[in-house]
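Worksheet: the structure to be examined is printed underneath.
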Amino acid sequence: MDENKPLKVRLTFSVILVGVSLLFAAVVTDHWAVLSPKVEEYNATCEAAHFGLWRLCTKRIFMQEQGPKEKGCGPISLPGEHNCSYFKHFTPGQSSEIFEVTTQKEYSISAAAIAIFSVGFAIIGTICVLLSFRKKMDYLLKPASMFYTFAGLCIIISVEVMRQSVKRMIDSKETVWIEYSYSWSFACACASFVLLFICGIALLLIALPRFPQNPWETCMDAEPEH
């Protein structure tokens, strides 16, 4: 048995917890993408927006004259009146007049659902790792590693669905947005994919039994017959 295996598991699990934290931060926050409409006149207010899996937030920003390369409203970090609303398909009893343009409903629901699967896989994997710390239960490391790998794959699929949703919103003639950028929630999701996927595979390799380094090692380690 590898004497360093418990240490390797704990180090890998520590990195995985960072990935799980980034995953939760990405799912519950609404800074995946920032949208900006074209500014027709200056020294007036314009409305920029940022959104996540569940809701969209708009901010009225007072715009002064910009440079020749800047046509959009923002940056979103400027002070202004801030207002948020959950997407109408998640709260059918509420009005979503704050978002007066067409949203990509199917994309939004798909991204949110896949992200929930990712969170579920991460939670189950964490439970398996914690149980594996008990004596003679290290066999749970193998399913835990697979759950973490699945969690990473699910969140990167959610990222791609969200990316396609933003692209379609920008390309659509029914929307007022002309510029977009991805924000820190999007970066958290991408980082969580890297950590969960790589560390999930690493945990699986650690959990697998050590192969003999020499052809005769297994025979030499066998117990003699009485």
Side-chain angles (χ1 to χ4, degrees), residues 11-36 48-59 72 74-77 82 84-91 96 99 101 103-129 143-172 175 177 179-204:
L11 289 176
T12 306
F13 184 53
S14 299
V15 179
I16 287 175
L17 288 180
V18 176
V20 173
S21 300
L22 292 172
L23 172 63
F24 275 96
V27 171
V28 302
T29 55
D30 43 38
H31 287 265
W32 283 61
V34 177
L35 304 174
S36 175
H50 63 86
F51 69 98
L53 297 173
W54 316 104
R55 67 176 186 170
L56 176 135
C57 298
T58 59
K59 179 183 281 189
I76 197 73
S77 58
H82 196 258
C84 295
S85 174
Y86 286 94
F87 289 124
K88 189 175 181 180
H89 43 270
F90 292 127
T91 55
S96 59
F99 196 19
V101 297
T103 58
Q104 302 296 331
K105 178 179 178 180
E106 293 80 8
Y107 281 84
S108 178
I109 294 177
S110 299
I114 297 171
I116 290 176
F117 276 109
S118 179
V119 172
F121 284 137
I123 292 175
I124 297 174
T126 302
I127 293 174
C128 290
V129 172
S145 65
M146 300 306 298
F147 282 126
Y148 284 130
T149 305
F150 293 153
L153 291 175
C154 285
I155 194 61
I156 199 62
I157 293 173
S158 181
V159 164
E160 178 60 22
V161 172
M162 179 65 74
R163 195 182 69 83
Q164 293 296 328
S165 174
V166 173
K167 187 175 183 300
R168 290 193 61 173
M169 289 175 65
I170 295 297
D171 295 340
S172 175
T175 65
W177 318 114
E179 292 182 354
Y180 71 94
S181 62
Y182 299 110
S183 193
W184 57 269
S185 297
F186 187 90
C188 286
C190 295
S192 67
F193 157 70
V194 174
L195 294 179
L196 291 174
F197 185 79
I198 294 178
C199 291
I201 295 176
L203 189 62
L204 177 62

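In this structure, S118 contributes its side chain and A151 its backbone to a donor-acceptor pair below 3.5 Å. For Y148 (side chain) and T126 (main-chain N/O), a donor-acceptor pair under 3.5 Å exists by modelled atom type.
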Distance-only donor-acceptor pairs under 3.5 Å for side chains of residues 188-196, two or more places apart:
unit_1: S192; atom_1: OG; unit_2: C188; atom_2: O; d: 3.3
unit_1: S192; atom_1: OG; unit_2: A189; atom_2: O; d: 2.7

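Distance CD1/I124 to CE/M146: 13.5 Å, rounded to 0.5 Å. Here CZ of F51 is found 11.0 Å from OG of S185. Values are rounded to the nearest 0.5 Å. Separation of atoms CG (L204) and OG (S145) is listed at 4.0 Å; rounding is to 0.5 Å. Atom-to-atom distance recorded for T12:OG1 and L17:CG is 11.0 Å, nearest 0.5 angstrom. Taken from SG in C199 to CG in L11, the straight-line distance is 10.5 Å, to the nearest 0.5 Å. Rounded to the nearest 0.5 Å, atoms CH2 (W32) and OG (S158) are 4.5 Å apart.
At least one side-chain heavy atom of F197 sits under 4.5 Å from a side-chain heavy atom of T149.
Y182 and F186 have parallel rings, their planes meeting at less than 30° on a 0 to 90° scale where 60° marks the start of perpendicular. Classified by interplanar angle (parallel below 30°, tilted 30° to 60°, perpendicular above 60°), the ring pair H31/H50 is parallel.
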- Go through V129 and L203 one step at a time and tell me if the side chain to side chain contact (heavy atoms under 4.5 Å, CB included) criterion holds. CA-CA 10 Å; V129 172; L203 189 62; 4.1 Å; yes
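By the side chain to side chain contact (heavy atoms under 4.5 Å, CB included) test, I116 pairs with W54, sequence neighbours left out.
Of the residues L53, I114, I157, the one that meets the side chain to side chain contact (heavy atoms under 4.5 Å, CB included) test with M162 is L53.
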